[in-house]
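Okay, so here's the structure we're looking at.
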Protein chains: 2
Amino acid sequence: MPATIVDIKEKTGLSLATISKYLNGGNVLPENKVKIEAAIKELHYEVNEIARGLVTNKTRTVGILVFSVVSPFTGMILHHVGSALRKSGYGMLIVDSCDDEEIERKNVKYLISKKVDGIIVLPVASKGDFLAPAKNAGIPIVLIDRSLSDIQYDCVRIDNRKATYNAMKEVLTRNHKKVAVIASEREYTGRERFNGFMDAMRNAGLDVPVEYQVRGTHSIATGYNGMKKLMTLKDRPTAVFMSNYEITLGAMLSMNEEGFQCPDDVSLIGFDDQLFFHLLQPQIYMVEQPMKAMGERAVELLLGRISGAVDEDPMEIALGTKLQRGTSIKTLDP
Amino acid sequence: MPATIVDIKEKTGLSLATISKYLNGGNVLPENKVKIEAAIKELHYEVNEIARGLVTNKTRTVGILVFSVVSPFTGMILHHVGSALRKSGYGMLIVDSCDDEEIERKNVKYLISKKVDGIIVLPVASKGDFLAPAKNAGIPIVLIDRSLSDIQYDCVRIDNRKATYNAMKEVLTRNHKKVAVIASEREYTGRERFNGFMDAMRNAGLDVPVEYQVRGTHSIATGYNGMKKLMTLKDRPTAVFMSNYEITLGAMLSMNEEGFQCPDDVSLIGFDDQLFFHLLQPQIYMVEQPMKAMGERAVELLLGRISGAVDEDPMEIALGTKLQRGTSIKTLDP
DNA sequence: TACAATGAACGAAACGTTTCGTTTATGCAA
DNA sequence: TTGCATAAACGAAACGTTTCGTTCATTGTA
């Protein structure tokens, strides 16, 4: 029903090749250009991307493989990645791994079958074998936020360990000695941040007793239960580092519930500013990730790989973070 | 490079038509079936969806047009819609309207150019003209959550007005007379819920002074500022209804900040349970939407339209809600 | 004036499927 | 045996583009 390039051919008397050339930005005589444009307007012609894809072997669509589509972190990344892609004329086919490695594995195959031009991954698995089918199919891959332990892919993220290490200085220079951590231990970021925390403590010559090391998952429940547990210890910490948004949220809920005050009862420092912590009183010290830049750099890199403009070995891009200062850290007597 | 149906043809000696028939579930002789399956395995053949799409004029992909991809409500819908679609072999091409009607309008055209088989919409606009191009192209459309004012499309949602009306009974039977509302006025749901609130008050013979009617946007800021304003009135309300998740979150932050206690200082009732309110103390009364059912029904309906199994006039499906009872409403003396 | 060089237009083949109308093979009844 | 009905296989066309190698026209140069 919709007009095709053949209709344009008949209306203008030109050949398919010439019209195709025009459509793809090639040079045609001014008079022909006018004819073609008139015909296009009159017939409401639009190129059929499917037919085009069949011959070019490109879909102008990239697959986005996310560990979970309900996380606010994911939502924000999707927002920025989506804008950047659209600006370049690409669409995004999103698949949700539901925090399940088996689903993630299937999703990769699905994206391949959909012939996406590239894949952006926020992985759930820590190892990279699930991406092998895509790699073998020659599909460019860029990771965001989380590196893989056994194989290197292009990855845009922050230096989690260092960022945590630096953030911890804010606590340590205020003479805190008894500092606890609540961190996720299942993904890359949680482990790195935990390590950064331990680095800082070790470097300050401070010990971290096991009951101060709360490990869990990337969830509100981990923060909630973790904080509850910490605050019922006989020997409470004077400060707590929380490794991500969900954990921070959970921890704060628990504090509100128990009536603990920050920073009077305990000092807090967290990760992943999601805007709304700005509204909180007290304002929490927070490591802010450059979400927009991460999304944009990842897209830029992926499109570079797709076009062939980038052909070096896989690279890890670590972007800078910013510490949102607040009022949540108390200065103790030396 | 990847194997095609022609390779299978040559390996088996059968015709393209027969192999295609097999691939699409048709009957072939057992011996041929064996031959074909062997060849497929040996050559790692997978059907090229692009080529198939060119002749069938189907992409097995549906477009998802969301008002904002960063909202947790959207994330949850995406999760359920995505699962349901995948179960039926469909993928989702997601486009983000960034709460902007102009972008939304462009996105519709983009989805059409991508030849999606159907579109699921969480609209930002209140009027439906932006969907006209898709309708004219014969692409089935299903709305979720928000109806349009001027034209009827298939829509899966709840009865916001009634749900609010019923929820308000919990407040009114506890003898509250001075009840305020914080509601978004820009989208369908906010307006309906506001109306439901006013219905309930009117029906109880109660007046709602204008300073008790806070209208704003679907945002944390509206809830935060709204609650702050309400609690500084000389004549404070004894209860507040909050029309959605973000507003509820903002309102609670403000209360925590000011040190107001719920339900001692003010009773609260909200909308959109997002799991994590379960963790809160006190537990807030919340109208819970059937997110999973909404996503699944919408997909079911859309696929029905696509296949032609459903061909009645557009329908509005209003699913039932559930009131999560809590401890956030105080019983006043009569 | 002839010839080379340049640039635009052209025709046909190709991309990998599905589908339509026809032919071939099979089984059964007359 | 012949004829007929049924089921499976077949060949060819079609889907709407891009692209390759070639032809044609124009301009500039010797």
Side-chain angles (χ1 to χ4, degrees), chain A residues 1-40 43-61 89 112-117 137-138 306-308, chain B residues 1-40 43-61 89 112-117 137-138 307:
Chain A
M1 206 57 181
T4 76
I5 203 176
V6 175
D7 298 322
I8 307 285
K9 163 198 161 103
E10 273 155 17
K11 179 128 275 167
T12 59
L14 296 166
S15 74
L16 293 183
T18 303
I19 299 163
S20 172
K21 193 174 170 191
Y22 165 84
L23 290 173
N24 293 286
N27 271 337
V28 298
L29 291 181
E31 47 182 303
N32 291 334
K33 191 166 171 179
V34 171
K35 275 194 217 166
I36 295 175
E37 280 167 355
I40 287 180
L43 301 174
H44 300 109
Y45 170 77
E46 285 175 35
V47 2
N48 182 325
E49 297 286 349
I50 308 291
R52 174 180 276 176
L54 181 58
V55 22
T56 60
N57 222 358
K58 291 265 170 281
T59 52
R60 290 203 146 257
T61 301
I112 298 171
S113 82
K114 281 293 192 176
K115 298 254 184 287
V116 293
D117 294 344
I306 290 174
S307 71
Chain B
M1 206 59 183
T4 76
I5 205 176
V6 175
D7 298 322
I8 307 284
K9 164 198 162 107
E10 272 155 18
K11 180 128 275 167
T12 60
L14 295 166
S15 74
L16 292 183
T18 303
I19 298 163
S20 172
K21 193 174 170 192
Y22 165 83
L23 290 173
N24 292 286
N27 270 337
V28 299
L29 291 181
E31 46 182 305
N32 291 334
K33 190 167 171 179
V34 171
K35 275 195 216 165
I36 296 175
E37 282 167 355
I40 287 180
L43 301 174
H44 300 110
Y45 171 77
E46 284 175 37
V47 2
N48 182 324
E49 298 286 349
I50 308 291
R52 173 181 277 174
L54 180 58
V55 23
T56 60
N57 222 357
K58 291 264 170 280
T59 53
R60 290 202 145 259
T61 300
I112 297 171
S113 82
K114 280 293 192 176
K115 297 252 184 290
V116 294
D117 295 344
S307 71

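Every value quoted in this text rests on a predicted model; they were computed, and no experiment measured them. Proteins come first, then strands; the chains are lettered A, B, ... in the order of their sequence lines, and each starts at number 1. Only this structure's heavy atoms are used, side chains among them; waters, hydrogens and symmetry mates stay out.
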What N/O pairs connect the protein and nucleotides 18-22 of chain D at under 3.5 Å? Give each pair on its own line.
unit_1, atom_1, unit_2, atom_2, d
D/dT18, OP1, A/Asn24, OD1, 3.4
D/dT18, OP1, A/Asn24, ND2, 3.1
D/dT18, OP1, A/Arg52, NE, 2.8
D/dT18, OP1, A/Arg52, NH2, 3.0
D/dT18, OP2, A/Ser20, OG, 2.6

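Surrounding CD of B/Glu37 are more than 12 heavy atoms belonging to other residues, nucleotides or ligands, all under 6.0 Å away.
Proximity of A/Ser15 to the phosphate of C/dC10: a side-chain N or O atom is located under 4.0 Å from OP1 or OP2.
Protein atom CG of A/Leu43 is 15 Å distant from nucleotide atom C1' of D/dG16, rounded to whole Å. Remark: P of D/dT17 and CD1 of A/Ile36 are 13 Å apart, rounded to the nearest angstrom. Rounded to an integer number of Å, the gap from A/Asp7 CG to D/dC15 P is 11 Å. In this structure, A/Lys35 atom NZ and C/dA9 atom P are separated by 9 Å, rounded to whole Å. Rounded to an integer number of Å, the gap from B/Lys9 NZ to D/dA12 C1' is 10 Å. Rounded to whole Å, atom P of D/dA9 lies 12 Å from atom NZ of B/Lys33. C/dG16 atom C1' lies 17 Å from atom CE of B/Met1, rounded to whole Å.
B/Tyr22 has its side chain within reach of B/Ile40: a pair of non-hydrogen atoms, C-beta onward, lies under 4.5 Å apart. In this structure, the side chains of A/Lys58 and A/Arg52 stay at 4.5 Å or more apart for every pair of heavy atoms. In this structure, A/Ile50 and B/Thr59 have side chains that are in contact, with non-hydrogen atoms separated by less than 4.5 Å. Looking at heavy atoms from C-beta onward, A/Glu10 lies in side-chain contact with A/Val6 at the 4.5 angstrom threshold. Inter-residue side-chain proximity for A/Leu23 and A/Tyr45 is flagged as met; some heavy-atom pair is nearer than 4.5 Å. A/Thr12 places none of its side-chain heavy atoms less than 4.5 Å from the side chain of A/Asn32.
No engagement by A/Ile50 is indicated, since no non-hydrogen atom pair under 4.0 Å with the nucleic acid exists. B/Glu31 comes within contact range of no nucleotide atom at all, as no heavy-atom separation falls under 4.0 Å. Nucleic acid contact for B/Leu29: sugar-phosphate only, since backbone atoms but no base atoms lie under 4.0 Å from a heavy atom of the residue. Among the atoms of the strands shown, only primed sugar atoms or phosphate atoms (P, OP1, OP2) are found under 4.0 Å from some heavy atom of B/Asn27.
Taking for each of A/Leu14 and A/Leu54 the nucleotide of DNA chain C with the nearest heavy atom, the 5'-most of the two is the partner of A/Leu14. Between B/Ala51 and B/Asn32, the residue whose closest nucleotide on DNA chain D is further toward the 5' end is B/Asn32.
Across B/Thr18, B/Asn24, B/Leu16, a single residue satisfies side-chain contact (heavy atoms from CB on, under 4.5 Å) together with B/Ser20, and that is B/Asn24.
From one end of the helix from C/dT1-D/dA30 to C/dA30-D/dT1 to the other, with five pairs defining each end axis, the axis direction shifts by 60° (rounded to 10°).
Residues in residues 20-36 of chain A take part in no salt bridge (Lys or Arg N to Asp or Glu O under 4.0 Å) pair, two or more places apart or across chains.
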